Amino acid sequence: MKLSRQFYSRDAREVSIDLLGKILVHDINGIKLKGRIVETEAYIADLDKASHAYGGRRTARTEALYGKPGISYVFSIYGLYYCFNVITKEEESAEGVLVRALEPVDGLDEIARLRFKTSYDKLTKLQVKNLTSGPSKLCMALNITKENNMEDLCGDKLYIEHDKNEDPNNKFEIVHTKRIGIDYAEEAKDFLWRYYIKDNPYVSKK
DNA sequence: TACGGGATCCACT
DNA sequence: GTGGATCCCGTAT
């Protein structure tokens, strides 16, 4: 079952936590690439010097952050990579969740090809671990690019769904810790706004 | 119009 | 653990 607009219409920190264990799906001409979300980070412009929209900064790039909950914000970084966020809370609020790592679930051969140009069964152990264990790795793996910026995740192409195999009696443990790669953000760099599933091998950094 | 740097990854040491 | 890749965007001139 697909996550509803309502799911996204909450504080980015709550959404970050509840996204753990959910399945990100990119439908590429009928081939479904799927990964279980195992690591997220919250960004809340009003409180957060690490946010691209801090201080009400509003440009062509950050426009998605101000959009309605449940749309994507994909930005490019270091000239060659992309990062994927989901927008939360409400229009004009500039809150979002960076999806930092996935555990590959479906479309494994296609994912392996997109990352390493080979089939899944030919991957080394290290390559398997590196398939989706980082924010830009997962974009390469699921073929998420700037073309997917401001995509409505309540649509049929790029969306997030509940994991039907999740066992409600055996809930995973969630670690709350500091975010990555934002040392410039002064006090905000110490906010415990990164969340991950304890002991999952695809988490980008312990 | 120019310049500097980034919510990263990878190869190499 | 370190540095290079590589380009788009934000900010200043």
Side-chain angles (χ1 to χ4, degrees), chain A residues 8 11-13 15-17 19-20 24 35 37-67 71-89 93-104 111-118 123-151 153 160 175-196 201-206:
Chain A
Y8 299 107
D11 185 287
R13 289 162 290 194
V15 177
S16 295
I17 291 164
L19 278 176
L20 294 174
L24 175 62
I37 297 172
V38 300
E39 179 181 351
T40 57
E41 284 180 2
Y43 286 83
I44 301 179
D46 289 348
L47 312 171
D48 186 2
K49 287 177 181 153
S51 169
H52 292 162
Y54 177 69
R57 214 155 50 213
R58 187 158 189 163
T59 63
R61 179 171 75 141
T62 61
E63 198 52 38
L65 282 165
Y66 295 90
I71 68 167
S72 66
Y73 168 44
V74 180
F75 64 91
S76 69
I77 188 161
Y78 300 107
L80 55 172
Y81 299 117
Y82 295 106
C83 293
F84 168 76
N85 297 248
V86 308
I87 299 309
T88 69
K89 192 71 174 179
S93 71
E95 293 192 19
V97 178
L98 171 68
V99 178
R100 284 194 53 91
L102 303 174
E103 175 182 333
I111 285 173
R113 231 166 258 125
L114 283 162
R115 284 284 286 136
F116 298 113
K117 300 192 187 333
T118 186
L123 296 177
T124 66
K125 221 172 174 175
L126 189 64
Q127 285 177 317
V128 170
K129 181 177 144 56
N130 279 324
L131 279 173
T132 50
S133 55
S136 298
K137 295 177 192 177
L138 70 89
C139 285
M140 293 185 254
L142 265 62
N143 201 30
I144 295 172
T145 71
K146 60 183 175 187
E147 306 296 313
N148 301 108
N149 190 31
M150 300 192 79
E151 187 116 35
L153 306 179
I160 303 174
V175 178
H176 297 224
T177 185
K178 293 179 188 180
R179 293 176 295 173
I180 305 279
I182 54 160
D183 286 346
Y184 58 86
E186 301 178 15
E187 77 285 349
K189 77 175 164 37
D190 296 323
F191 294 172
L192 302 180
W193 288 3
R194 182 163 75 100
Y195 312 92
Y196 63 82
Y202 288 93
V203 169
S204 68
K205 193 166 182 292
K206 303 287 180 229

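Numbered from 1 within each chain, the chains take letters A, B, ... in sequence-line order. Note that the structure is a prediction, hence the values are computed from the model and not measured.
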Taking atom types as modelled, is there a side-chain donor on [X] or [Y] under 3.5 Å from an acceptor on the other?
X	Y	result
Asn148(A)	Glu151(A)	yes
Tyr73(A)	His52(A)	yes
Lys129(A)	Ser133(A)	no

[X] [atom1] to [N] [atom2]: how many Å, rounded?
X	N	atom1	atom2	value
Phe75(A)	dT6(C)	CZ	P	20 Å
Tyr81(A)	dT8(B)	OH	C1'	6 Å
Arg194(A)	dT8(B)	CZ	P	10 Å
Leu126(A)	dC9(B)	CG	P	14 Å
Tyr184(A)	dT8(B)	OH	C1'	12 Å

Do the side chain of [X] and the main chain of [Y] share a donor and acceptor less than 3.5 angstrom apart?
X	Y	answer
Thr132(A)	Leu102(A)	yes
Ser51(A)	Asp48(A)	no
Ser72(A)	Val74(A)	no
Glu63(A)	Ala60(A)	no
Glu95(A)	Ile44(A)	no
Ser76(A)	Gly79(A)	no

N/O to N/O distances under 3.5 Å, protein versus nucleotides 2-5 of chain B:
none

Requested in this report: Sequence neighbours left out, what passes salt bridge (charged side-chain N to carboxylate O under 4.0 Å, His left out) with Arg13(A)? Give chain and number order.
Outcome: Asp11(A)
Query - Residues Lys189(A) and Asp183(A) bridged, charged N to O under 4.0 Å - result: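 Result for this pair is no, no salt bridge flagged.
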**Report entry** Residues touching DNA chain B, which here means a heavy atom under 4.0 Å, drawn from residues 42-55 of chain A
**Finding:** Tyr43(A), Ala50(A), His52(A)
Report task. Output the residues of residues 127-141 of chain A in contact with DNA chain B, where contact means a heavy atom of the residue under 4.0 Å from an atom of the strand; sort by number or write none. Result ->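 DNA chain B contact set from residues 127-141 of chain A: Gly134(A), Pro135(A), Ser136(A), Lys137(A).
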Atom pairs, N/O to N/O, protein against nucleotides 7-11 of chain C, distance under 3.5 Å?
unit_1: dC7(C); atom_1: O4'; unit_2: Gly79(A); atom_2: O; d: 3.2
unit_1: dC7(C); atom_1: O2; unit_2: Gly79(A); atom_2: N; d: 3.4
unit_1: dC9(C); atom_1: O3'; unit_2: Arg61(A); atom_2: NE; d: 3.4
unit_1: dG10(C); atom_1: OP1; unit_2: Thr59(A); atom_2: OG1; d: 2.3
unit_1: dG10(C); atom_1: OP1; unit_2: Arg61(A); atom_2: NE; d: 3.4
unit_1: dG10(C); atom_1: OP2; unit_2: Thr59(A); atom_2: OG1; d: 3.4

**Report entry** Reference residue Asn85(A); test side chain to side chain contact (heavy atoms under 4.5 Å, CB included); the match among Ile71(A), Val97(A), Leu98(A)
**Finding:** Leu98(A)
Query raised in the report: Which value, in whole Å, describes the distance between the C1' atoms of nucleotides dG5(B) and dG3(C)?
Result: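 Comparing C1' positions in dG5(B) and dG3(C) gives a spacing of 16 Å.
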Query - Stepwise side-chain contact (heavy atoms from CB on, under 4.5 Å) test for Asn130(A) and Phe116(A) - result: CA-CA 10 Å; Asn130(A) 279 324; Phe116(A) 298 113; 4.2 Å; yes
Query - Test salt bridge (charged side-chain N to carboxylate O under 4.0 Å, His left out) applied to Glu41(A) and Arg179(A), Lys205(A), Arg100(A), the passing residue - result: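 In the set Arg179(A), Lys205(A), Arg100(A), the residue that makes a salt bridge (charged side-chain N to carboxylate O under 4.0 Å, His left out) with Glu41(A) is Arg100(A).
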Query - Closest-nucleotide ordering on DNA chain B, the 5'-leading residue of Arg115(A) and Glu41(A) - result: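 By nearest-heavy-atom nucleotide position, the 5'-most residue is Glu41(A).
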Query raised in the report: Is the distance between the ring centroids of Phe84(A) and Tyr82(A) less than 6.0 Å?
Result: no
Query raised in the report: Can Ile17(A) and Thr40(A) be said to form a side-chain contact (heavy atoms from CB on, under 4.5 Å), step by step?
Result: CA-CA 8 Å; Ile17(A) 291 164; Thr40(A) 57; over 6 Å; no
Query raised in the report: What dot-bracket string describes DNA chain B from 5' to 3', counting Watson-Crick and G-U wobble pairs whose defining distances are under 3.5 Å, with [ ] for crossing pairs and | for pairs to another strand?
Result: ||||||.|||||.
Query raised in the report: What does Arg179(A) touch in the nucleic acid at a heavy-atom separation under 4.0 angstrom: a base, only the sugar-phosphate, or nothing?
Result: nothing
